[in-house]
Every structure is written in structure tokens, then in C-alpha cells.
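A quick note: this is a predicted structure, and the numbers were derived from the prediction, not measured.
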Amino acid sequence: MLAACLLASVLCAIVILDYSGYPFAPYELWILEYHLRNQDLAGALLLALIALLAWLPAGRQRALAFVDAVSRHPRLVAAAAFVALCLGTLFVEFDHPIAQDEYAALLQSRIFAAGSLTGVFPPELIGRLIPPLYMNSFVYGSFETGQIASAYWPGFALLLTPFTLVNASWACNALLASLALLLMARIAVALSGVPQAGGWAMLLALASPAFTGMALTYFSMTAHLLLNLAFVWLLIERSARRLLLAGLVGSFALILHNPVPHALFALPWIVWIALQPGARRNLLLLGAGYAPIALGIGFGWALLLSHIQGATLHGLVPHTGEPADRILNFLWDWHVKLRTALAGPGDDVLATRAAELVRLWTWAVPGLPLLAAAGWWLARRDPRAFVLGLSLLATMAGYLFVGFNQGHGWGARYLHPAWGTLPILAALAVVRADSLDRCARLGGYVASLAVLSLVFATALRAAQINEYVASHLAQRPPAPREGRHVVFIRIERGNYTASLVQNDPFLRNRVWYLISSGADKNAQLMRDKFPGARREFADRRGEVWRVE
């Protein structure tokens with residue numbers, strides 16, 4: 001396994017250098033290339049060093065004792081992880097949604113927390129409060145009514161809402177990740193019959209920065225991961241009640257932000273059920289669980305967004321205000337978006353997916369994907385473990401037809417909804433290999449890998465995340481801590497400064513962030529909107545105006 005880890009690190013470095021255009025400096029606009037060069041080269045090197053250090057026999061017994069402790073106290077470990085992840089969200093990620101995907105979910109949760117379906121901006125400021133590049137891609141906005149809403153389906157925003165109500169939105173993904181740890185442990189034990197498998201699964205997940213790093217964000221991927229694990233947990237011991245509940249969990253997973261991640265993950269399980277005795281009854285039960293939430297909220301949200309969008313799209317149907325016309329316009333808009341997204345598995349897409357597989361490797365415990373593949377093979381006669389592995393492969397295969405790369409996000413974001421399969425299958429590999437004489441030392445080596453990764457890989461990735469978020473926020477003009485202010489942000493597409501234009505959905509915050517249109521136009525806007533306002537600060541990043 002040591003040789004495989006070292007070889008993989010070398011291959012990862014080659015792919016990174018090739019994909020990011022070495023020796024030329026990566027441009028931040030191409031964010032995947034930027035992160036690969038600036039973060040993952042160091043990550044690949046560190047993983048190679050960890051693989052070498054773990055080969056030393058010193059410390060293996062203590063590492064194995066740590067695995068035993070995790071196995072005996074899963075709830076305590078999950079609780080400790082929750083606290084650590086909350087602190088990480090606040091102090092590593094600065095509780096800031098970097099990407100517009102994150103901001104859209106947080107924005108919508110604040111709308112729901114206010115007891116509304118839509119927020120309201122002044123119609124005349126919509127073009128300043130929502131960057132045109134992001135309009136109707138991340139946030140829908142009406143220039144007529146000022147109504148705004150997230151462009152994504154609202155499931156994750158609904159999960160965020162209770163936390164937003166108590167001003168603790170930063171705790172949502174931390175809690176979901178902690179619950180996911182417990183589910184990974186339970187599934188691993190159920191599939192292996194070995195209590196210690198739960199400890200292995202939890203430790204391998206906690207020691208992988210992809211899992212912990214994504215839990216610091218406002219991306220919906222941790223929620224996808226949790227609900228997909230819950231879906232699996234309900235189906236591994238099949239009954240009528242569990243089938244119905246699995247459908248309910250799956251239906252909510254479909255509307256978390258878009259239906260693709262869960263649909264790809266669930267497909268192998270649905271096919272497996274269809275091939276078993278009693279398929280018609282079981283599929284009807286599963287479908288009965290899926291239908292109410294997926295159809296009710298999914299199509300209801302489409303109707304709401306079509307109402308906000310309002311205007312005619314591409315001359316297809318004049319907007320008459322009739323629900324049918326609004327839905328048709330909305331569906332046409334999504335048809336255009338899907339045609340753009342679905343590029344097919346060409347050379348560029350294959351190169352992008354290969355680069356994302358590099359992040360899958362470099363943001364995990366060294367060798368975790370390799371261990372998972374071994375666990376899948378060793379447990380292949382158990383159809384539940386076999387189908388679990390197929391869920392990851394189906395997710396990988398599905399994204400071969402997506403032309404976009406993952407952009408922002410820690411680890412392999414598009415694969416994260418299925419990421420929970422890796423520590424579970426890897427745990428199966430360890431507990432089964434330990435029963436074979438020729439693999440008796442594997443457990444000690446993997447335990448050392450996990451403990452070293454928990455300490456050193458977590459520290460490296462936390463520093464990288466913190467540095468990137470801090471440098472991103474430094475592009476925003478500083479707002480004073482007291483008084484009401486309007487901050488104009490100069491848009492530089494290559495540096496994602498448009499993503500810094502984030503506001504409360506009802507503009508209740510004391511600082512408003514607007515797009516800068518140049519000093520003269522900014523001054524004119526302030527005279528018209530806030531007579532008596534004065535400019536207090538200006539530099540290349542933008543301007544700060546005091547309005548009281």
C-alpha cells in the first residue's frame with residue numbers, strides 16, 4: 001500500500017502541473033486550476049510524507065488503541081466533531097459563504113426565517129444588489145416588484161432555517177456532518193458485523209479534510225451526503241416502513257438544491273430493488289415516499305421562480321401572468337441551462353473530471369479510495385456493499401456528461417454526495433483483511449495513516465482554507481463597525497469580487513453591499529437615494545459611504 005500511495009502522489013502532481021498549465025501561473029478566474037496548483041501540490045506532497053511516516057512501526061499500537069476508543073464512544077466522538085467543526089466554521093472559514101451557491105442557500109434561509117417565501121430589494125437597486133452575471137443563475141430577482149429568491153430548490157435552505165432563526169446558521173453543516181459520522185459507523189457495522197468497523201469509518205472520515213472542510217461551508221453537499229447515507233441505512237434492512245421512509249428521505253434529497261446528486265446516487269439502489277422478488281410492491285412503496293415532497297415542493301418552487309422571473313424568455317411565450325405561461329417560460333430557461341451544462345464526455349470534460357479525482361485523493365486519508373476499492377471487492381458477495389460502491393461509480397459516471405467543473409469547494413465537490421461510501425467500504429477492507437494472516441499488519445498501518453492525516457493534513461488544509469477566504473474578503477472595502485453604510489465593490493471577474501456583493505434579503509443589515517459603477521454614478525445614486533450621505537473611504541477596491 002505504501003508504494004501505491006507514493007505512486008498516486010506522483011501521478012497527482014503530474015496531473016496538477018499539466019492541468020494547471022505549468023510553468024504559467026494559474027489565473028484565479030479558473031478556480032479549479034488555481035486551487036489545484038496552490039493547494040493540492042502541497043497536499044499531494046504531504047500525503048506522500050504521511051505514507052512514509054506511517055510505515056514506521058512506532059506509534060501503531062497507540063493508533064490502533066485510538067480506533068478502539070472511537071469504536072466504543074461514537075456519540076462522544078461525533079459531539080466533539082460538532083464542536084470542532086463549529087469553531088472551524090467561525091474561525092477558519094470566517095462564517096462566510098465564498099461561492100454564490102452558498103450565499104443563495106443562506107439568503108433563502110433568512111427569507112424563510114422571516115416567515116416569507118421571497119425577499120424584497122428596492123426594484124431600482126436590483127441591478128446593483130444582484131450582480132448581472134449571477135442574475136437568475138444563483139438568485140432570481142424581479143426588476144418590477146423587487147422580489148428575490150434562491151434559484152436553487154429550497155431543501156437545504158429549509159434545513160438552515162431553524163439555525164438562522166437563532167443566529168447560529170454556522171452550526172447547521174457541522175451538525176449534519178456529525179450525524180453523518182454516526183450513520184457511516186452504523187452502516188459499516190451493519191455490513192461487516194464487526195463493531196470496530198464503525199470506529200474505522202468514523203476515523204477515516206474525520207481524518208479526511210474533504211469531509212471536515214466541506215462541513216465548514218454553506219454548500220449543500222454535506223446535507224446531500226447525510227441524506228444519501230440515511231437512504232442507504234433505511235434500505236440495507238428492507239421492510240415496508242423502511243422503504244417508505246427511504247422514499248421520503250430521498251424526496252427531500254432531490255430538492256436540496258438540484259435533483260442530480262441524489263438521483264445518480266439512488267439509481268443503483270432502485271435498479272437493485274427492481275431486480276428483487278416483490279419488486280412492484282417495493283417500488284410502489286418507495287415511489288409513494290418520493291412523490292409528495294419532490295412533486296409538491298419541486299414544482300411549487302418552479303412556479304414561484306417563474307413568477308419572480310416574469311419577463312419573456314427568448315421570445316418563447318409572452319408573459320401574461322397566467323401560471324401555465326410562467327411555468328413554460330421557467331422550463332424553457334432551465335432547458336437552455338441544461339443544454340449549456342450537458343456537454344458530454346469530451347476531452348475537456350474528461351480532463352476536468354480527472355483533475356477532480358486528484359482532489360478526491362489529495363483531500364482524503366492517504367490511500368482511502370484504494371482501500372475503498374479493496375473493501376468493495378472483498379465484500380462483493382454482499383449485494384448491499386456492492387450496490388453501495390455502484391452509487392459512487394454512478395455519481396462519477398453521471399458527471400462525465402456535465403461540462404462545468406466544480407469551481408469553488410474543498411475536495412471533490414461534485415462527488416461529495418457519494419463521498420460517504422469511501423470510509424464505509426474502506427472500513428470493510430480493514431476489518432476483513434485483518435482476518436487474513438498476510439494482511440495482519442494492514443490495520444496498524446491504516447490507523448497510523450489516519451491519525452497522522454487527522455493532525456497534519458487537517459492542519460494544512462485549515463491553513464489553506466483560512467488563507468484563501470481571508471485574501472478573498474480583503475478585496476472588499478472595510479466597513480466601519482458602527483453606523484449605517486453603503487459599500488460599493490469594484491467588480492473584477494477574475495477575482496470573484498462580484499461574490500462579495502452579499503446582503504440581507506430585506507436589507508435589514510446596517511451595511512449594504514452594492515456593485516460599483518464608477519465614482520460619478522455612485523455619487524449620483526447616493527444623492528438620489530440617501531441625501532446627505534458622505535463618502536468616507538475610497539481605493540481601488542471600491543468606496544464606503546456613511547448614510548447617517
Please tell me if the side chains of [X] and [Y] come closer than 4.5 Å, counting only heavy atoms from C-beta onward.
X: Phe156; Y: Ile255; value: no
X: Tyr399; Y: Pro261; value: yes
X: Asn228; Y: Ser391; value: no
X: Met184; Y: Phe211; value: yes
X: Tyr496; Y: Ile98; value: no
X: Leu85; Y: Thr212; value: yes
X: Cys12; Y: Asp40; value: no
X: Ser20; Y: Trp30; value: no

What's the separation between atom [atom1] in [X] and atom [atom2] in [Y], rounded to the nearest 0.5 Å?
X: Leu158; Y: Leu256; atom1: CG; atom2: CG; answer: 9.5 Å
X: Tyr445; Y: Leu56; atom1: OH; atom2: CG; answer: 9.5 Å
X: Leu181; Y: Leu229; atom1: CG; atom2: CG; answer: 9.5 Å
X: Leu216; Y: Thr89; atom1: CG; atom2: OG1; answer: 4.5 Å
X: Ser220; Y: Leu225; atom1: OG; atom2: CG; answer: 11.0 Å
X: Leu425; Y: Leu204; atom1: CG; atom2: CG; answer: 11.0 Å

Exercise. Determine the sole option in Trp170, Tyr218, Trp410 for which the side chain to side chain donor-acceptor pair (under 3.5 Å) test with Glu93 is passed.
Key: Trp410

More than 12 heavy atoms of other residues, nucleotides or ligands under 6.0 Å from [atom1] of [X]: yes or no?
X: Arg380; atom1: CZ; value: yes
X: Arg37; atom1: CZ; value: yes
X: Phe66; atom1: CZ; value: no
X: Phe163; atom1: CZ; value: yes

Has [X] got a side-chain atom pairing as donor or acceptor with [Y]'s backbone, closer than 3.5 angstrom?
X: Gln61; Y: Gly444; value: no
X: Thr164; Y: Ser169; value: no
X: Thr161; Y: Ala157; value: yes
X: Asn282; Y: Gly278; value: yes
X: Arg60; Y: Ser448; value: no
X: Thr222; Y: Asn173; value: no
X: Thr217; Y: Met214; value: yes

Fit a plane to each ring of [X] and [Y], take the angle between them on a 0 to 90° scale, and name the class: parallel (under 30°), tilted (30 to 60°) or perpendicular (over 60°).
X: Phe265; Y: Phe231; value: perpendicular
X: Tyr152; Y: His257; value: tilted
X: Trp269; Y: Trp272; value: perpendicular

Quiz prompt | Stepwise side chain to side chain contact (heavy atoms under 4.5 Å, CB included) check, Gln276 with Arg238 | solution = CA-CA 11 Å; Gln276 300 301 305; Arg238 196 183 310 160; 3.7 Å; yes

Practice problem: Output, in order, the C-alpha distance, side-chain angles, deciding distance and verdict of side chain to side chain contact (heavy atoms under 4.5 Å, CB included) for Tyr19 and Val358. | Solution: CA-CA 11 Å; Tyr19 189 79; Val358 167; over 6 Å; no

Could you pull out the closest heavy-atom pair between [X] and [Y], with the gap in Å?
X: Gly409; Y: Arg359; answer: O-NH2, 2.9 Å
X: Ile293; Y: Leu248; answer: CD1-O, 4.3 Å
X: Leu47; Y: Ala364; answer: CD2-O, 3.7 Å
X: Ala44; Y: Ser9; answer: O-OG, 3.3 Å
X: Pro209; Y: Arg461; answer: CB-CG, 3.4 Å
X: Phe456; Y: Leu46; answer: O-CD2, 3.7 Å

Quiz item: Does the separation of the ring centres of His35 and Tyr468 fall below 6.0 angstrom?
Solution: yes

Quiz item: Would Tyr103 and His96 count as a close aromatic pair, with their ring centres under 6.0 Å?
Solution: no

Practice problem: Might you work through the side chain to side chain donor-acceptor pair (under 3.5 Å) test for Gln108 and Trp153, ending with a clear yes or no? | Solution: CA-CA 10 Å; Gln108 191 62 48; Trp153 285 3; over 6 Å; no

Quiz prompt | Criterion side chain to side chain contact (heavy atoms under 4.5 Å, CB included) on Tyr34 and Gln39, from CA distance to verdict | solution = CA-CA 8 Å; Tyr34 184 86; Gln39 295 181 344; over 6 Å; no

Quiz prompt | Matching residue for Trp233 among Leu245, Val249, Leu182, Leu183 - test: side chain to side chain contact (heavy atoms under 4.5 Å, CB included) | solution = Leu183

Quiz item: Run the side chain to side chain contact (heavy atoms under 4.5 Å, CB included) check on Leu41 and Thr362 step by step: do they pass?
Solution: CA-CA 9 Å; Leu41 267 181; Thr362 59; over 6 Å; no

Quiz prompt | NZ/NE/NH1/NH2 to OD/OE distance under 4.0 Å, Arg353 and Glu356 | solution = yes

